[in-house]
Amino acid sequence: MKVFDFDNTIYDGESVVDFFLFAMKKKHELIKYLPLMIYTATLYKIGILSIDKLYELSSKMSNVIIKNKEDAEVFIREFWNGNQTKLKK
């Protein structure tokens with residue numbers, strides 16, 4: 001299941017940004033993607049980049065961050081253990 005929270009009703013903040021920052025702390029080599037992430041986020045925020053294109057780029061980035069199913073389970077669990085408090089009631 002995929003859930004998107006475009007108006008911050010579920011998550012207090014930008015979960016994609018928080019996840020990428022979390023990933024950079026775990027995998028320092030991801031810093032090379034920081035300019036691309038900032039550029040992409042800026043284009044989306046000012047209305048130049050569609051949500052479909054943003055989703056496509058996010059999916060590609062997820063494949064760079066998480067290489068296999070076992071890695072994904074650990075990574076996601078660690079992220080939510082540290083960010084669960086940002087979920088709104």
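Predicted model, so just to flag it, every value in this text is computed and none were measured.
When all heavy atoms are compared, the tightest approach of Ile66 to Asp71 is CA-OD2, 3.8 Å.
Counting heavy atoms of neighbouring residues, nucleotides and ligands inside a 6.0 Å radius, atom CD of Gln84 does not exceed 12 of them. Within a 6.0 Å radius of NZ in Lys26, other residues, nucleotides and ligands contribute 12 heavy atoms or fewer.
Note that CG of Asn81 and CD1 of Ile76 are 12.0 Å apart. Values are rounded to the nearest 0.5 Å. Here the CG atom belonging to Leu57 is positioned 9.5 Å from the CG atom belonging to Leu43, to the nearest 0.5 angstrom. A distance of 10.0 Å separates CD of Glu29 from CD1 of Ile65, quoted to the nearest 0.5 Å. With values rounded to the nearest 0.5 angstrom, Met61 atom CE is found 10.0 Å from Phe19 atom CZ. Taken from CD in Glu56 to OG in Ser50, the straight-line distance is 8.5 Å, to the nearest 0.5 Å. For the atom pair CG (Leu30) and CE (Met24), the distance works out to 7.5 Å, reported to the nearest 0.5 Å.
A single hydrophobic cluster is seen to contain both Phe22 and Ile38, as judged by linkage of ILVMFWY side chains at heavy-atom distances under 4.5 Å, directly or through other members. The same ILVMFWY cluster, assembled from side-chain heavy atoms under 4.5 Å apart, contains both Leu87 and Val17. Both Phe79 and Val64 are members of a single hydrophobic cluster when ILVMFWY side chains are connected at heavy-atom separations under 4.5 Å.
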* Audit row: Lys86, Trp80, side-chain contact (heavy atoms from CB on, under 4.5 Å) steps and yes/no -> CA-CA 9 Å; Lys86 289 188 168 190; Trp80 283 114; 6.0 Å; no
* To do: Give the intermediate values and the outcome of side-chain contact (heavy atoms from CB on, under 4.5 Å) for residues Thr42 and Leu49.
  => CA-CA 9 Å; Thr42 302; Leu49 190 68; over 6 Å; no
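The cationic atom of Lys53 (NZ for Lys, CZ for Arg) does not lie both less than 6.0 Å from the six-membered ring centre of Tyr44 and within 45° of the ring axis.
Using a 4.0 Å cut-off between a side-chain N of Lys or Arg and a carboxylate O of Asp or Glu, Glu73 and Arg77 do not qualify as a salt bridge.
Side chain of Lys88 to main chain of Asp12: no donor-acceptor pair is present (N/O by atom type, distance under 3.5 Å, no hydrogens or angles).
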